[in-house]
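Below you'll find the structure, written out as structure tokens, and then a few comments.
Quick caveat, the model's predicted, so the values are computed rather than measured. Each chain gets a letter, A, B and so on, in the order the sequences are listed, and its residues count up from 1.
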2 protein chains.
Amino acid sequence: MSAQTHLAQIGALVGDPTRANILLALMDGQARTAKELAFLARVGAPTASAHLAKLVDGGLLTAVAQGRHRYYRIASPDIGRMIEVMLGFAGTIAGSAARPLRRAGPADERMRAARTCYDHIAGRLGVAIADAMQGAGHVVLEDGAGRLTSSGHVFLLRLGVDLDEGRSGRILCRPCLDWSERRFHLAGQVGKALCNHCLRLGWVERTRDSRALAITPTGQAAFQTFFGIAACDADPQPAEHRAEATPSPVT
Amino acid sequence: MSAQTHLAQIGALVGDPTRANILLALMDGQARTAKELAFLARVGAPTASAHLAKLVDGGLLTAVAQGRHRYYRIASPDIGRMIEVMLGFAGTIAGSAARPLRRAGPADERMRAARTCYDHIAGRLGVAIADAMQGAGHVVLEDGAGRLTSSGHVFLLRLGVDLDEGRSGRILCRPCLDWSERRFHLAGQVGKALCNHCLRLGWVERTRDSRALAITPTGQAAFQTFFGIAACDADPQPAEHRAEATPSPVT
DNA sequence: CCGATCCTTCGCTATCGGTCGAAGCGTTCT
DNA sequence: AGAACGCTTCGACCGATAGCGAAGGATCGG
């Protein structure tokens, strides 16, 4: 591929208004579903699907299948920087101030704070746990498959988490894309064991008619002590700012 | 104009293969004529004209009329940086190594070294003089109109240049786009007076059947002494690398 | 002053690509 | 198991636009 062809390809990808809308909607780094992006770009689902396929094919986006949803995100920080340069290429032009993007999420605030995702914890609490574990070097989240490090092994053992490590010493941990936070949380054996541990010790409690989890005062203290996590039950954003497109909670 | 509209506009401008070719041909910072750009982009003159108009309208290029030619160049270093980012957005992709661009110029090497442009000096010598004067703070070249500073005034007086400053103390100096070097040299009263001065003192000599100027040994020494200019008559580039499209020398 | 050159505008054609409706496939919820 | 949902593919439509030939305006060379 020659240089000019390459340049034209990049330009053409960003040059379509619908694709530009999609890219801008993803510029906050979060992942979004195809339907939601179709709504944000004011376009039908088939059209959005075609555009998303082109953007993935061109290397600007990556897609992650999650149940019946497909989450799209900017492929790399480099892509984000390129778009930023294109946006502000000649300094401040017109009224191109970055308008705050609406944030999508379940209507139920309690579910956004913490909920079960099949057999593990999702929501802000789940993401916070994943962040803490990753930051401490207890887990390494690679593409599609995570790994529990030796320090993570020790950490969970001292916490009293039952890892049930009879079978398959490899796939202990799996990253799971969080629906409301649009970031990865811990699934797999580690996620399952952690969830059971939290429930058993009364750190979180199931709620009626919902997958939402209530964080108990005991849990507040425990998460702070063991993971360095502050309160997760405060909604940092008013409800009015949520997106109109609200797919049903899946993860 | 909203942000996504703006982003899409930039992308669409760069997204066309012909426009991408034009932009890449101008990425060395030199100015080129419409015909030459049409040739480099492998497209007809009307098509190139339309694309150039769009690029100018979009703020990516600027145009300077020079006789019956129109010289186009990248509008600002910011634009150049943006294109570079787009070219290498994901590190090294494919074989996108910047291939050396052909360099256009008059067929006559002597004219590329030094020639008269109406009443002043053009070619490598003219550009070198302009660079030296500008670097020393003797002239300030603004957009379309240059100005001789007080130090430049003194410099020319001590050199013995007759500025003929009876009329209009303002437009002493005019930047003139050099045809072969594609950069500005000094025109206007300053350029004219300098040219006459060089001819009178035998620093350069007119040649038969051509506007080319021959730099005499005396001139070599003088330009080195007063302007810090090394030899201008050595062609730094083999003749084979010149562009096929060779407009007749005008300036 | 006339021919040549450069650039643009006008008019036209053909092609590319964005858009949507309908249908198909896989997944999830009841 | 059946229904609902999310996403993609297919087929068709159509508007936008790149491309060129011809003509016009402007400038330069002789």
Open item on the list: I'd like to know whether A:Arg19 forms a side chain to side chain contact (heavy atoms under 4.5 Å, CB included) with A:Leu55, so could you lay out the CA-CA distance, the side-chain angles of the two residues, the decisive distance to 0.1 Å, and finally the verdict.
Closed with: CA-CA 8 Å; A:Arg19 285 195 288 267; A:Leu55 289 170; 3.8 Å; yes
Open item on the list: Can you see if the side chain of A:Lys54 gets near the phosphate of C:dG17 - specifically, an N or O under 4.0 Å from OP1 or OP2?
Closed with: no
TODO: Check whether any side-chain N or O of B:Arg19 sits under 4.0 Å from OP1 or OP2 of D:dA18, and answer yes or no.
DONE: yes
Task: Exercise: identify the closest heavy-atom pair between B:Leu13 and B:Gly58 - done: CD1-CA, 3.8 Å
Open item on the list: Could you tell me how far apart A:Leu13 (CG) and C:dG18 (P) are, to the nearest whole angstrom?
Closed with: 9 Å
TODO: Measure the spacing between CG of B:Leu125 and CD1 of B:Ile215 and express it to the nearest 0.5 Å.
DONE: 4.5 Å
TODO: Could you tell me whether a side-chain N or O of B:Arg32 sits under 3.5 Å from a main-chain N or O of B:Ala25, the two making a donor and an acceptor?
DONE: yes
Task: Separation of atom OH in B:Tyr71 from atom C1' in C:dT5, rounded to whole Å - done: 13 Å
Open item on the list: Angle between the two end axes of the helix from C:dC1-D:dG30 to C:dT30-D:dA1, five base pairs per end, rounded to 10 degrees?
Closed with: 30°
Check: protein-nucleotides 19-23 of chain C nitrogen or oxygen pairs below 3.5 Å:
unit_1, atom_1, unit_2, atom_2, d
C:dT19, OP1, A:Thr18, OG1, 2.9
C:dT19, OP2, A:Thr18, OG1, 3.2
C:dT19, OP2, A:His51, NE2, 2.5
C:dC20, OP2, A:Gly44, N, 2.8
C:dC20, OP2, A:Thr47, OG1, 3.0

Task: Atom-pair distance (CG on A:Leu52; P on D:dT9), nearest Å - done: 11 Å
- [ ] Would you mind reading off the distance between B:Arg32 atom CZ and C:dC7 atom C1', rounded to a whole angstrom?
- [x] 18 Å
Task: Closest non-hydrogen atom pair between A:Ala31 and A:Arg73, with its separation - done: CB-NE, 3.7 Å
TODO: Starting from P on C:dT27, measure out to CZ on A:Arg68 and report it in whole angstrom.
DONE: 11 Å
Task: Distance, rounded to the nearest Å, where B:Tyr72 contributes OH and C:dC7 contributes C1' - done: 8 Å
Open item on the list: If the condition is side chain to side chain contact (heavy atoms under 4.5 Å, CB included), which residues does A:Ala12 pass it with, not counting sequence neighbours?
Closed with: none
Open item on the list: In whole Å, I'd like the distance from the NZ atom of A:Lys35 to the C1' atom of D:dT8.
Closed with: 15 Å
Open item on the list: Which heavy atom of B:Met86 sits nearest to which heavy atom of A:His6, and what is that distance?
Closed with: O-CE1, 4.4 Å
Open item on the list: Of the options C:dT8, C:dC6, D:dC5, whose atoms approach the side-chain atoms of B:His69 most closely?
Closed with: C:dC6
- [ ] Ignoring backbone atoms, test whether A:Arg70 places a side-chain nitrogen or oxygen under 4.0 Å from the OP1 or OP2 oxygen of D:dT8.
- [x] yes
- [ ] Answer whether the closest heavy-atom distance between the side chains of A:Arg70 and A:Thr33 falls below 4.5 Å.
- [x] no
Task: Distance, rounded to the nearest Å, where B:Asp57 contributes CG and C:dT9 contributes P - done: 12 Å
Task: Spacing of B:Leu60 atom CG and B:Leu52 atom CG [to the nearest 0.5 Å] - done: 11.5 Å
